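There's a structure below that I have some questions on.
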Amino acid sequence: MTISKERKAELTAQFGNSPVDTGNPKVQVAILTERIRELTEHMKSHQKDFHTRRGLLMLVGRRRRLLSYIKKNDIFEYRALIKELGIRDNIQ
């Protein structure tokens, strides 16, 4: 249930400053969003998989903290990122 190397490289090139810039918070949020979408699809057909549910909730929490950091530092970058990724603005 991990994303492929090619997809990760594609996300890094799209959201990072360079093709190997995986430490950028925008890249990390994009990768986490991809993993969250995959796990959400898995949970639709495996409702009683509680270990995956816990992992999914941990990923959502990590993405939320990263989005909070981005919003605190640059609100325009945050708005562009959530629009591009198609996620809701629920960070207080």
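Because the structure is a prediction, the values reported are computed rather than measured.
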Could you see if Leu39 belongs to whatever hydrophobic cluster contains Leu57? Use Ile, Leu, Val, Met, Phe, Trp, Tyr and a side-chain cutoff under 4.5 Å.
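No, because Leu39 and Leu57 fall into different hydrophobic clusters, even though each may have its own neighbours under 4.5 Å.
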- Message: Listing request: all ring pair (Phe, Tyr, Trp, His ring centres under 6.0 Å) pairs with a residue in residues 57-82, at least two apart in sequence or in separate chains.
- Response: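 Qualifying pairs: none.
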> Ile82 and Arg79: which non-hydrogen atoms are nearest, and at how many Å?
Replying inline: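 So the two residues come closest at CG1-O, 3.4 Å.
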- In sequence, state the C-alpha distance, the side-chain angles, and the governing distance for Arg62 and Leu32, and then conclude on side-chain contact (heavy atoms from CB on, under 4.5 Å). CA-CA 8 Å; Arg62 186 182 307 162; Leu32 285 172; 3.9 Å; yes
| task | Treating Ile, Leu, Val, Met, Phe, Trp and Tyr as nodes and any side-chain heavy-atom pair under 4.5 angstrom as an edge, say whether Ile75 and Leu67 lie in one connected cluster. | result |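 In one cluster with Ile75: Leu67, yes.
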* **Inter-residue atom distance Leu59.CG - Arg54.CZ, 0.5 Å rounding** =>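 Between atom CG of Leu59 and atom CZ of Arg54 there are 11.0 Å.
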Check your understanding: If you draw a 6.0 Å radius around NZ in Lys8, do more than 12 non-hydrogen atoms from other residues or ligands fall strictly inside?
Key ->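 Counting other residues, nucleotides and ligands, NZ of Lys8 stays at 12 neighbours or fewer.
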Judged by atom type as modelled, is there a donor-acceptor pair below 3.5 Å linking the side chain of Thr33 to the main-chain atoms of Val29?
->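 Judged by distance alone, yes, a pair lies under 3.5 Å.
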How long is the straight-line distance from CE of Met43 back to CD of Glu38, given to the nearest 0.5 Å?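 CE of Met43 is found 14.5 Å from CD of Glu38.
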Which pairs of donor and acceptor atoms, one on a side chain in residues 15-28, lie under 3.5 Å apart (sequence neighbours left out)?
{"unit_1": "Asp21", "atom_1": "OD2", "unit_2": "Asn17", "atom_2": "N", "d": "3.2"}
{"unit_1": "Asp21", "atom_1": "OD2", "unit_2": "Asn24", "atom_2": "ND2", "d": "3.4"}
{"unit_1": "Asn24", "atom_1": "OD1", "unit_2": "Lys26", "atom_2": "N", "d": "3.1"}
{"unit_1": "Gln28", "atom_1": "NE2", "unit_2": "Gly23", "atom_2": "O", "d": "3.2"}

- Rounded to the nearest 0.5 Å, how far apart are CG of Asn90 and CZ of Arg64?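 Reported to 0.5 Å precision, the distance equals 5.0 Å.
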Exercise for the section: Find out whether Lys71 and Glu77 are in side-chain contact, i.e. whether some heavy atom of one side chain is under 4.5 Å from a heavy atom of the other. Expected result: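 The answer is no, as the side chains (C-beta and beyond) never meet within the 4.5 Å cut-off.
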Separation between OG1 of Thr2 and CD1 of Ile31, rounded to the nearest 0.5 Å
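Between atom OG1 of Thr2 and atom CD1 of Ile31 there are 11.5 Å.
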**OP:** Applying side-chain contact (heavy atoms from CB on, under 4.5 Å) between Asp49 and each of Gln47, His51, Arg53, report the one that passes.
**Re:**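 Among Gln47, His51, Arg53, the one meeting side-chain contact (heavy atoms from CB on, under 4.5 Å) with Asp49 is His51.
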